Amino acid sequence: MGAYAAAMETLCERAALMRESMQKTQSITDNMLRTHSIRRAHENIDKTLKAAEVILNQFDRSRQLPRSSGSTEEYRSFFSGNKGFKSSIGVVNQANNLLAKAIFKLEEEFRQLLTSYSKPVEPDRLFDCLPNSMRPSTGSPRDGESNSKKSSDQNKSSETIVYQLPTLIPPRLLPLLHDMTQQMIQAGHQQQVSIIYREARSAALEQTLKKLGVERLGKEDVQKMQWEVLEAKIGNWIHFMRIAVKLLFAGEKKVCDEIFEGNDNLRDQCFAEVTANGVAMLLSFGEAIAKSKRSPEKLFVLLDMYEIMRELQPEMDVIFGSKFCGEMREASIVLTKRLAQTAQETFGDFEEAVEKDATKTAVLDGTVHPLTSYVINYVKFLFDYHSTLLQLFKEFHEGDAEEQLASITTRIMQALQTNLDGKSKQYKDPALTQLFLMNNMHYIVRSVRRSEAKDLLGDDWVQIHRRVVQQHANQYKRIAWSKILQCLSIQGTQGGSGSFGDGGSTAGVSRAMVKDRFKTFNMLFEEIHQRQSQWTVPDSELRESLRLAVAEVLLPAYRSFIRRFGPMIEGGKNPQKYIRYTPEDLERMLAEFFEGKTWNEPRRSSHSVDSLQLINGLKNTSKLDSYCEMIKDDIIALMEELNSKQVEFIYREANGVAHSLAQCCQNFDREFMQFGTVPNSLLAAIVANDVTTSSIT
């Protein structure tokens, strides 16, 4: 009797549990579209519930009856008369089988629902979840990063940054999935729930990352890439990290929290299993960059990567805060530190690279060297990362980070100057050496004054190096113009006590000496003009000030020389041959200096210009004899200077002279062909209207 009572009690409890489970299962399935198999299961559940209800009614009756042998017999006859329930053990087994089938059906439906609605998120949907300032304009993640850091910082300060989590699973399904997981957990199927959830959600997450463009790359893959390709991938990775942490991982965390509400351990375990592979795939690229070979151009992308990791670290700590996510959290921290270390080492390498740069790039016109512009732009860009650099120094060094940054920036500038000093020695012309150093130092000083580097290096540094620029300008003037100025101021004459430079007396100065000085001046000035018109001073203000400085020295000396000794030449024969330039002519020609004209640009010498002017004058005068003498002297001088000038210029100049001479010969019956000392080969060439390499021998 006691055994039967115990059996009835157990059976009653199991049947009640079965009834509750069946009712919940029925409630769940009512919300879904029925397949044929689910409808049949529903019918079986209804039959089972009816049978269970008969049994439970009998239990209720047995409790109400007095405990007598008659009631016991009646109770026993009920169970013995039912073929389906021969004993209480059979009833329990039957109930267990039905419950197992119901749980299996529940698992299948849970799997089917989760798999059906766990689809990868398209990139465009993810971009729509970003703040407006970070959305790409053309669908490329890189476009979202194209704004400068300064404009990005301004956007952050003027706009509330809002990330809208993507819909990973329809919200209406989350309560249903939660109830289903609860039923399976209560039935002891926790492991099956974990497996189903991990398989469905991890596959969706990984496919989303792949569609976005995330790929697993190692150090070897990175080393093989061209820099342009690698730089683009780094930019994309920065964007991917932000999307993954702020949208995908945060969204996955939200879904997981709702489905597994009330089951913290299982929730944290499932989330860790779902995101582990995606996190590893993202961080592997960062590790590969941090471990790859260092080079100066990588510093900025390393700082970008370091910044995004520092920005995301607080959220990583929250999202991956459970004990099951410890490895991922630690991997993120390790990558951040490694990026910081690599960036700092790269910054230190840059100083040495600048000082030891051995490129043989020749700057023929003395303008700013490519190394100078590269280093200055490099330093200017660094100040976009001012706060980041200070953070790096604080992490790895003791002391004031601002002073350390100023110190290394100063050393970089000094390394650049040392290298430029070495490169300046490539020039054979010492005047061009000084011009080169002046241009480069001026570019450095001007760039520093217009950037944040001025605050770091200080006003004293700027003033000191402005004086260096002036020193190079003064050295240029001394080297380039001292010789020509000596023609106008060399003291002493042969056997006399007069001088070219002092007083107004011409005593003891012969006309021949004055002629010689004018010819020397003309030759030197023409050479300087031809050469230095091809040099370059790229800064317009510096160019004008340098021309003015030369004019302030040259023009007064030339005016004084002409005023004192010009009458000695003007009273003689052919004064234009010696006094070729007025002070105004010199001033005009000085305005052509430092324009950087092409080395191969044809330029007529003063001889050809003067000769052509004279030939044009022949058409309007009958005084051929005096002009022919001038033309003869010019052509002879042109031939004598053939070895000292660029040959290709001379050929063209001579051709121009020959052309005009031939025309004049036709107009004036060859009257001025009697040059006497002019080489026959040149005369023949003049008649033939051509001067070539073969004709000038």
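Note that the structure is a prediction, hence the values are computed from the model and not measured. Side chains are part of it too, since the values below use all heavy atoms of this structure and drop only hydrogens, waters and symmetry mates.
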About how many Å separate OG1 of Thr372 and CG of Leu416, when rounded to the nearest 0.5 Å? 5.0 Å
What is the minimum heavy-atom distance between Gly366 and Leu432, and which atoms define it? CA-CD1, 3.9 Å
What verdict does the side chain to side chain contact (heavy atoms under 4.5 Å, CB included) test give for Arg580 and Glu526, after you've listed the backbone C-alpha separation in whole Å, the side-chain angles of each residue and the deciding distance to 0.1 Å? CA-CA 11 Å; Arg580 290 179 178 172; Glu526 289 159 8; 3.2 Å; yes
Side-chain heavy-atom pair Ile234, Asp304 within 4.5 angstrom cut-off: no
Donor-acceptor check, side chain of Ser373 to backbone of Pro370, threshold 3.5 angstrom: yes or no? yes
Check whether any side-chain N or O of Thr536 sits under 3.5 Å from a backbone N or O of Pro538 as a donor-acceptor pair, and report yes or no. no
Between Thr342 and Lys298, is the side chain to side chain donor-acceptor pair (under 3.5 Å) condition met? List the steps. CA-CA 10 Å; Thr342 306; Lys298 286 184 181 178; over 6 Å; no
Evaluate side chain to side chain contact (heavy atoms under 4.5 Å, CB included) for Lys454 paired with Asp459, printing each intermediate quantity in order. CA-CA 7 Å; Lys454 179 183 177 183; Asp459 290 332; 3.0 Å; yes
Ring-plane angle category for Phe518 and Tyr558, please: parallel below 30°, perpendicular beyond 60°, tilted otherwise. perpendicular
Go through the side-chain N and O atoms of Asp400 and Gln404 and say whether any donor and acceptor fall under 3.5 Å apart. no
Any side-chain donor-acceptor pair under 3.5 Å between Gln344 and Tyr306? no
Donor-acceptor contact present, side-chain Asn440 to main-chain His369, <3.5 Å: yes
Donor-acceptor pair, distance only, cut-off 3.5 Å: does the side chain of Ser560 make one with the backbone of Pro556? no
Quick note, side-chain hydrogen bond (donor to acceptor under 3.5 Å, both in side chains) partners involving residues 537-553, not counting sequence neighbours, are Arg446-Asp539, Glu544-Arg547, Arg547-Glu595
Does CD belonging to Glu584 count more than 12 external heavy atoms closer than 6.0 Å? yes
For Ile479 and Pro430, the nearest pair of non-hydrogen atoms, with its separation, is CG2-CG, 3.7 Å
Heavy atoms, side chains only, cut-off 4.5 Å: are Arg467 and Gln463 in contact? yes
Which heavy atom of Leu339 sits nearest to which heavy atom of Ala290, and what is that distance? CD2-CB, 3.9 Å
With rounding to the nearest 0.5 angstrom, report the CG to CZ distance, Leu554 to Phe561. 12.0 Å
Do the non-hydrogen side-chain atoms of Ile444 and His465 ever get within less than 4.5 Å of each other? no
Is Trp535 close to Asp429 at the side-chain level, that is, under 4.5 Å between some pair of heavy atoms? yes
First locate atom CD of Glu355, then atom CG of Asn419, and finally report the distance between them rounded to the nearest 0.5 Å. 8.0 Å
Shortest non-hydrogen pair, Ala480 vs Gln532, comes out as CB-NE2, 3.6 Å
Does NZ in Lys519 sit with more than 12 non-hydrogen atoms of other residues, nucleotides or ligands closer than 6.0 Å? no
Arg517 vs Val514, side chain to side chain contact (heavy atoms under 4.5 Å, CB included): CA-CA, chis, key distance, verdict: CA-CA 5 Å; Arg517 290 295 180 267; Val514 173; 5.7 Å; no
SB check Glu352 Lys356 (cutoff 4.0 Å): yes
Distance check, rounded to the nearest 0.5 Å: Glu345 atom CD versus Leu299 atom CG? 11.5 Å
Are the side chain of His442 and the backbone of Met438 linked by a donor-acceptor contact shorter than 3.5 Å? no
Taking atom types as modelled and ignoring hydrogens, do the side chains of Arg478 and Gln475 form a donor-acceptor contact shorter than 3.5 angstrom? yes
Are Thr433 and Lys425 packed together at the side-chain level, in the sense that at least one heavy-atom pair is separated by less than 4.5 angstrom? no
Under 30°, 30 to 60°, or over 60°: which ring-plane class applies to Phe525 and Trp481, parallel, tilted or perpendicular? tilted
Does a donor on one side chain and an acceptor on the other come within less than 3.5 Å for Thr582 and Asp585? yes
State, with a plain yes or no, whether a side-chain heavy atom of Phe565 is found less than 4.5 Å away from one of Leu488. no
Distance from His386 atom NE2 to Glu452 atom CD, nearest 0.5 Å? 7.5 Å
Side chains of Leu382 and Leu405, heavy atoms from C-beta outward: is any pair under 4.5 Å? no
Which is it for Tyr385 and Phe347 under the ring pair (Phe, Tyr, Trp, His ring centres under 6.0 Å) test, yes or no, and what are the steps along the way? CA-CA 12 Å; Tyr385 300 87; Phe347 191 21; over 10 Å; no
Salt bridge check: are Asp357 and Lys423 linked by an N-O gap of less than 4.0 Å? yes
Under the ring pair (Phe, Tyr, Trp, His ring centres under 6.0 Å) test, which residues partner His472, sequence neighbours left out? none
Take atom OH of Tyr378 as the centre, draw a 6.0 Å sphere, and report whether it contains more than 12 heavy atoms from other residues, nucleotides or ligands. yes
A side-chain contact here means heavy atoms from C-beta on lying under 4.5 Å apart; do Trp461 and Met413 qualify? yes
For Phe383 and Leu456: C-alpha separation, side-chain torsions, deciding distance, then whether side chain to side chain contact (heavy atoms under 4.5 Å, CB included) applies. CA-CA 10 Å; Phe383 283 93; Leu456 197 66; 3.3 Å; yes
Any residue meeting side-chain contact (heavy atoms from CB on, under 4.5 Å) with Lys515, in chain and number order, not counting sequence neighbours: Arg511, Ile569, Tyr578
I need the minimum non-hydrogen distance between Ser447 and Lys380, along with the two atoms involved. CB-CD, 4.4 Å
Between Phe436 and Thr367 the two heavy atoms that sit nearest each other are CD1-O, 3.6 Å
Gap between atom CG of Leu548 and atom CD of Glu587 - 0.5 Å precision: 9.5 Å
